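Only a predicted model underlies this, so the values are computations on that prediction, with no experimental measurement involved. The sequence lines fix the lettering, A, B, ..., with proteins before strands; numbering per chain opens at 1.
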Protein chains: 2
Amino acid sequence: MIAVNLSDEDRWKKYNNFSPLISIFKKFHPLNDEIERRINQHTFPVSYKKNKYLVSPVDRNKFLFLIVKGVVRGFIKDGTTEITTWIAKENEVVGTIRNLWVEGDSEEYLQALEDVDLIAIPHVLSEYLYENFTEANIVGRKMMEQYYRSAEERAYLCRISSAEKRYKRFLVSFPDLINRVSLKHIASFLAIRLETLSRIRAKI
Amino acid sequence: MIAVNLSDEDRWKKYNNFSPLISIFKKFHPLNDEIERRINQHTFPVSYKKNKYLVSPVDRNKFLFLIVKGVVRGFIKDGTTEITTWIAKENEVVGTIRNLWVEGDSEEYLQALEDVDLIAIPHVLSEYLYENFTEANIVGRKMMEQYYRSAEERAYLCRISSAEKRYKRFLVSFPDLINRVSLKHIASFLAIRLETLSRIRAKI
DNA sequence: CTTAGTTGTTGATTATTGTCAAAAAAACAT
DNA sequence: ATGTTTTTTTGACAATAATCAACAACTAAG
């Protein structure tokens with residue numbers, strides 16, 4: 001499913017001939033030409049329609065994705081219910097963690113919540129860049145720091161005692177998501193039921 | 001309060017003359033001698049008694065700490081209640097994040113839950129190493145990846161729907177902590193009240 | 001446009017968890 | 001050991017949130 005066969009010239013036409021990844025990375029650290037060349041060569045755009053799943057069991061863990069346009073959520077199946085652990089938007093990089101502490105039972109999934117344009121980043125590319133270019137490790141370190149902070153925020157948010165306070169925190173932490181994501185997913189992210197969220201909103 | 005004035009020979013005597021940080025870092029990537037020398041020179045041991053706070057407002061954000069012995073928790077004051085967002089033990093590196101999305105209202109604190117031996121890592125040192133040694137970025141990147149995963153686990157854990165299931169997940173994710181940490185802190189980490197946790201345990 | 005499907009709202013009821021209070025048990029200090 | 005403090009347990013009750021069900025609003029597809 002994930003496979004393109006474009007000449008280098010065509011692949012990035014809609015992005016002015018450069019993988020949008022490059023400008024994201026450059027915000028963290030300058031890149032040398034060889035890295036840029038490899039990124040252009042080995043990353044590629046993909047698109048998914050709203051509600052589609054980004055990672056098939058086959059491709060699981062083979063790619064990270066830069067979100068160029070749209071919103072994506074990550075969730076974990078806990079028996080019959082889905083637990084949304086994050087919701088990400090443009091300029092964020094997402095992927096499955098796949099190193100959950102308790103192996104087996106819980107699988108992580110990615111789902112497009114709008115029509116999305118993504119850049120697929122093969123893990124083999126990341127590994128190659130990390131092993132061969134010091135800049136890659138600088139960029140990777142800084143990005144991981146940023147993502148760690150946002151994971152901490154998510155871990156804090158869901159420990160706030162009342163559903164209403166969690167919702168209010170959500171509004172200030174993720175003001176841009178409230179109008180783009182359906183309430184059922186926000187409810188799941190806040191660890192409350194859709195009906196409860198609906199009542200909280202009615203009250204405010 | 002945090003300040004030592006030991007000759008280089010004395011400082012690490014109890015650790016066979018090397019900062020324990022070095023062996024931790026080496027698990028991720030080999031280090032060159034100059035890095036090791038800087039680490040020995042600019043990190044130093046500190047100890048805190050059980051229940052003491054690790055970071056005074058003055059020193060806030062100036063150090064990370066490697067836990068050599070003991071257990072430490074991180075918590076955030078939400079008005080009058082404390083929300084424990086993580087609990088860490090030996091061989092983990094901890095610190096305040098201090099980049100909470102909503103500035104101001106919520107302060108992060110670190111508290112020793114046992115008598116702890118730590119290695120203090122000045123942020124100025126981390127920055128220096130990152131800027132001058134590529135290995136530091138490799139080590140930092142790999143460590144951040146690991147910490148990101150554990151933050152994801154914490155974000156997932158607290159979204160599990162029932163208190164009992166959260167507790168059971170805690171038991172498998174953090175089996176070593178249950179006998180070292182008082183239930184009130186575990187309850188806070190699980191986002192439930194101490195009394196509820198007590199009842200869940202009685203039931204099982 | 002019309003229909004089917006999804007998403008969000010509202011109500012009634014139940015279940016879970018929180019709150020307050022007090023006692024028991026365990027840990028700590030003198 | 002003895003008394004003191006902290007932690008944990010237990011009980012009665014209240015509050016919050018979940019559940020079930022019906023319906024309204026909105027979207028997507030034919």
Side-chain angles (χ1 to χ4, degrees), chain A residues 47-53 70-73 75 78-84 87 109 111-116 157-171 177-204, chain B residues 47-53 70-73 75 77-84 87 111-116 157-171 177-204:
Chain A
S47 294
Y48 288 89
K49 285 286 174 192
K50 180 170 177 172
N51 293 327
K52 294 295 178 199
Y53 299 103
V71 173
V72 175
R73 75 173 177 127
F75 66 95
D78 175 38
T80 162
T81 53
E82 298 176 353
I83 297 177
T84 300
I87 305 173
Y109 300 86
Q111 183 182 32
L113 299 185
E114 299 175 348
D115 293 354
V116 291
L157 173 56
C158 70
R159 285 180 171 80
I160 296 172
S161 57
S162 85
E164 181 173 336
K165 285 200 282 183
R166 289 202 293 282
Y167 175 65
K168 284 179 172 165
R169 176 83 183 192
F170 178 84
L171 289 180
L177 293 179
I178 191 67
N179 293 314
R180 296 178 71 176
V181 177
S182 68
L183 293 181
K184 75 172 178 183
H185 294 130
I186 291 172
S188 170
F189 181 69
L190 296 177
I192 58 183
R193 316 258 74 225
L194 170 63
E195 297 93 322
T196 303
L197 178 56
S198 178
R199 285 186 243 270
I200 287 170
R201 285 162 55 86
K203 214 180 73 183
I204 307 179
Chain B
S47 296
Y48 288 89
K49 285 287 175 191
K50 181 170 176 172
N51 293 328
K52 293 294 177 199
Y53 299 103
V71 173
V72 175
R73 76 174 177 125
F75 66 95
K77 272 235 177 77
D78 175 37
T80 162
T81 52
E82 299 176 353
I83 297 177
T84 299
I87 305 173
Q111 183 181 31
L113 298 184
E114 300 174 348
D115 293 354
V116 291
L157 174 56
C158 70
R159 284 179 171 83
I160 296 172
S161 58
S162 85
E164 181 173 337
K165 285 200 280 183
R166 288 201 294 282
Y167 175 65
K168 284 178 172 166
R169 176 83 185 191
F170 178 84
L171 289 180
L177 292 179
I178 190 67
N179 293 313
R180 296 179 71 176
V181 177
S182 69
L183 294 181
K184 76 174 173 184
H185 294 129
I186 292 172
S188 170
F189 181 69
L190 296 176
I192 57 182
R193 311 260 78 221
L194 169 63
E195 298 92 324
T196 304
L197 178 56
S198 179
R199 290 186 175 101
I200 288 170
R201 286 162 55 86
K203 215 180 73 181
I204 307 178

Minimal non-hydrogen separation, B:Ala191 against A:Cys158, with atom names: CB-O, 4.4 Å
Kindly give the heavy-atom pair with the smallest separation between B:Glu114 and B:Gly70, and that separation in Å. OE1-CA, 3.3 Å
Find the distance [X]:[atom1] to [N]:[atom2] and express it as a whole number of Å.
X	N	atom1	atom2	answer
B:Asn179	C:dA27	CG	C1'	16 Å
B:Asn51	D:dT6	CG	P	9 Å
A:Leu197	D:dT19	CG	C1'	16 Å
B:Leu183	D:dT6	CG	P	17 Å
B:Arg180	D:dT7	CZ	P	17 Å
B:Ile200	D:dT8	CD1	P	15 Å
B:Ile186	D:dT8	CD1	C1'	12 Å
B:Asp78	C:dG18	CG	P	14 Å

Roughly how far apart are [X] [atom1] and [Y] [atom2], rounded to 0.5 Å?
X	Y	atom1	atom2	answer
B:Ile192	B:Arg199	CD1	CZ	11.5 Å
B:Ser161	B:Arg166	OG	CZ	8.0 Å
A:Ile83	B:Arg159	CD1	CZ	9.0 Å
B:Lys184	B:Leu194	NZ	CG	8.5 Å
A:Leu177	A:Leu113	CG	CG	9.5 Å
A:Ile204	A:Leu171	CD1	CG	7.0 Å

Please tell me if the side chains of [X] and [Y] come closer than 4.5 Å, counting only heavy atoms from C-beta onward.
X	Y	result
A:Ile186	A:Thr84	no
B:Ile178	B:Tyr167	yes
A:Lys165	B:Asp78	yes

Give each protein N/O atom lying under 3.5 Å from an N/O atom of nucleotides 28-30 of chain C, with the pair distance.
none

Please identify each residue that fulfils salt bridge (Lys or Arg N to Asp or Glu O under 4.0 Å) with B:Lys50, with sequence neighbours left out. none
In chain order, what residues pass the salt bridge (Lys or Arg N to Asp or Glu O under 4.0 Å) check against A:Arg73, with sequence neighbours excluded? A:Glu82
What's the closest nucleotide to the B:Lys184 side chain, out of C:dT7, D:dT7, C:dG18? D:dT7
Divergence of helical axes at both termini of the helix from C:dC1-D:dG30 to C:dT30-D:dA1 - five pairs an end, 10° steps: 60°
List the steps, then state whether salt bridge (charged side-chain N to carboxylate O under 4.0 Å, His left out) holds for B:Lys168 with B:Glu164. CA-CA 6 Å; B:Lys168 284 178 172 166; B:Glu164 181 173 337; 3.1 Å; yes
Does B:Ser198 reach a base, just sugar-phosphate, or nothing at all? Heavy atoms under 4.0 Å. base
Would you mind classifying the nucleic acid contact of A:Ile192 as base, sugar-phosphate or nothing, using non-hydrogen atoms under 4.0 angstrom? sugar-phosphate
With a 4.0 Å heavy-atom cut-off, tell me which residues in residues 159-168 of chain B come close to DNA chain D, sorted by residue number. none
Using a cutoff of under 3.5 Å, can you pull out all pairs of nitrogen or oxygen atoms linking the protein to nucleotides 19-25 of chain C, with atom names and distances?
residue: C:dT19; atom: OP2; partner: B:Arg193; partner atom: NE; Å: 3.2
residue: C:dT19; atom: OP2; partner: B:Arg193; partner atom: NH1; Å: 3.4
residue: C:dC20; atom: N4; partner: B:Glu195; partner atom: OE2; Å: 3.1

